[in-house]
2 protein chains.
Amino acid sequence: MVNKENKNTTEERILESARQIFQVKGLQGARMQEIADKAGINKAMLHYYYRSKELLFEAVFEEAANRIFPKIVEFLNTDYPLFEKIERFVDYYLTTLLENKYMPAFVLNELNQNPERLVKLMSDRGIFKQEKFIEQINNAIKDELIIHIDPRQLITNIISMSIFPFAGRPILMGLFKLDEESYYQFIESRKKEVPKFIINAIKVK
Amino acid sequence: MVNKENKNTTEERILESARQIFQVKGLQGARMQEIADKAGINKAMLHYYYRSKELLFEAVFEEAANRIFPKIVEFLNTDYPLFEKIERFVDYYLTTLLENKYMPAFVLNELNQNPERLVKLMSDRGIFKQEKFIEQINNAIKDELIIHIDPRQLITNIISMSIFPFAGRPILMGLFKLDEESYYQFIESRKKEVPKFIINAIKVK
DNA sequence: GTCTATATAACGATAGAC
DNA sequence: GTCTATCGTTATATAGAC
């Protein structure tokens, strides 16, 4: 499912089980025994391949974080016109997260409990270079294509509307009385609704 | 701070300590010893007053959830005109959450790990009655005050932009290189920026 | 009500046979 | 590389004195 190049080695089976357990229960809530059971192997094997719970968790977390963050930057630095960039960005994120619906809550929670992980992520590579996108927004303001707005506020709004519906999935499902299928449809609609909403908010008419 | 009617009894001191520890570390991450230390009493007292860790946690969680959810509904059912209602709602939430910045991540995470708690919250009282607000939105569409939009999508956007900046606080602080003070200022600005953004997005010009 | 001391269980981790 | 058995620690929870 998640991992196409699954070689089905013991090491890979452990990682896949760890993904599923950690993403739902978090670092503290997960049990090594449960991960071993799901992988169909013994608890000792977890330590043979990953030494400790902490290291196994880090493997899972970094993989998840690397699926979210680098693409943000990649997108922000492409050469698409502003409105098209926003449309593509929202569509890409809703699609990705719909296939990994536990990931946002997992990553958000872990970064709240352990903000140092973010520092590590940022220094690992040139993540979070947003200068180009900010410049693009400022140019669009100068050209009177969009209204005057703090680029950081705009970016925050885009990210909020893309990620919150997943982190707050139980709330939305309760609030609007959605089952799995109608929740899926609701997010699908957002792929067009959210860009329309954003562009409406900033476009100079 | 958080609790004005603090009677400073042992029971209340325990609850206050539990609030602080649980909200940062979660149910599994918190240690009863740590809560006892912060309260300045012995570990046995926690069990004397709250029987178990689980029950102590529930006291904290329900208090936090009850500070977030009931006010949502209360607001949605007031008689303010649509735009004014949106302005007041966003302002109220950003103000409240700025004073309880760990709460959104805490509640979101707990509801993801234990969605049954939401069922309990919903059945406890008439929470989540949004019919009136949905009707108000639909009327505004008919009156050509706002563009055609699914009321649920609009509500989701409002909530997303109000709550995500707190649940994703470490990310925003890293992304925009904010310290505590400039983060506070950034949220303060949102009290005006977000309603403006939303009304721009839906207003018929 | 509040404390110290302790029971009891669970968990992460390792040793050592195969 | 994989297993069983077990160690060492830490956690929640309780018993019982004051």
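Chain letters run A, B, ... following the sequence lines, proteins first and then strands; every chain starts at 1.
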Checklist entry - For the residue pair A:Phe57 and A:Phe106, is the inter-centroid distance of their aromatic rings smaller than 6.0 Å? => result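 Yes, the ring of A:Phe57 comes within the 6.0 Å limit of the ring of A:Phe106, centre to centre.
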Integer-rounded Å distance: [N] [atom2] and [X] [atom1]:
| X | N | atom1 | atom2 | answer |
| --- | --- | --- | --- | --- |
| B:Leu46 | C:dC3 | CG | P | 11 Å |
| B:Arg51 | D:dA15 | CZ | P | 13 Å |
| A:Met32 | C:dT14 | CE | C1' | 12 Å |
| B:Lys43 | D:dA13 | NZ | P | 10 Å |
| B:Leu55 | D:dT12 | CG | P | 14 Å |
| B:Ile14 | C:dC3 | CD1 | P | 10 Å |
| B:Lys53 | D:dT10 | NZ | P | 16 Å |
| B:Phe57 | D:dA13 | CZ | P | 14 Å |

Exercise. Quick check: does any side chain N or O of B:Asn109 sit under 3.5 Å from a backbone N or O of B:Ala105, one acting as donor and the other as acceptor?
Worked result: no
Contact under 4.0 Å: A:His47 side-chain N or O vs C:dT14 OP1/OP2:
no
[options]: which one has an atom nearest the side-chain heavy atoms of [X]?
| X | options | result |
| --- | --- | --- |
| A:Arg31 | C:dC11, D:dC3, D:dT12 | C:dC11 |
| A:Met45 | D:dC3, D:dA13, C:dT2 | D:dC3 |
| B:Thr10 | D:dA13, C:dC3, C:dT2 | C:dT2 |
| B:Asn42 | D:dT12, C:dT4, D:dT4 | C:dT4 |
| B:Tyr49 | C:dG1, C:dT4, C:dG12 | C:dG1 |

Q) Looking for any heavy atom pair under 4.0 Å, which part of the strands does B:Tyr50 touch: base, sugar-phosphate only, or nothing? A) nothing
- Message: Considering every strand and a 4.0 Å limit on heavy-atom distances, what is the contact class for A:Ala30: base, sugar-phosphate, or nothing?
- Response: sugar-phosphate
Of B:Ile41 and A:Ala44, the one whose nearest nucleotide on DNA chain C sits closer to the 5' end is B:Ile41
message = Quick one, A:Leu15 and A:Tyr49 - any side-chain contact, counting heavy atoms below 4.5 Å?
response =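 Counting from C-beta outward, A:Leu15 and A:Tyr49 never come under 4.5 Å.
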Between B:Asn157 and B:Gln153, does any side-chain donor sit less than 3.5 Å from a side-chain acceptor?
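No, because no side-chain N or O of B:Asn157 sits under 3.5 Å from a partner of the opposite role on B:Gln153.
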Item checked: B:Ser182 and B:Asp179 side chains, donor-acceptor separation under 3.5 Å ->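 Present: a donor and an acceptor within the cut-off.
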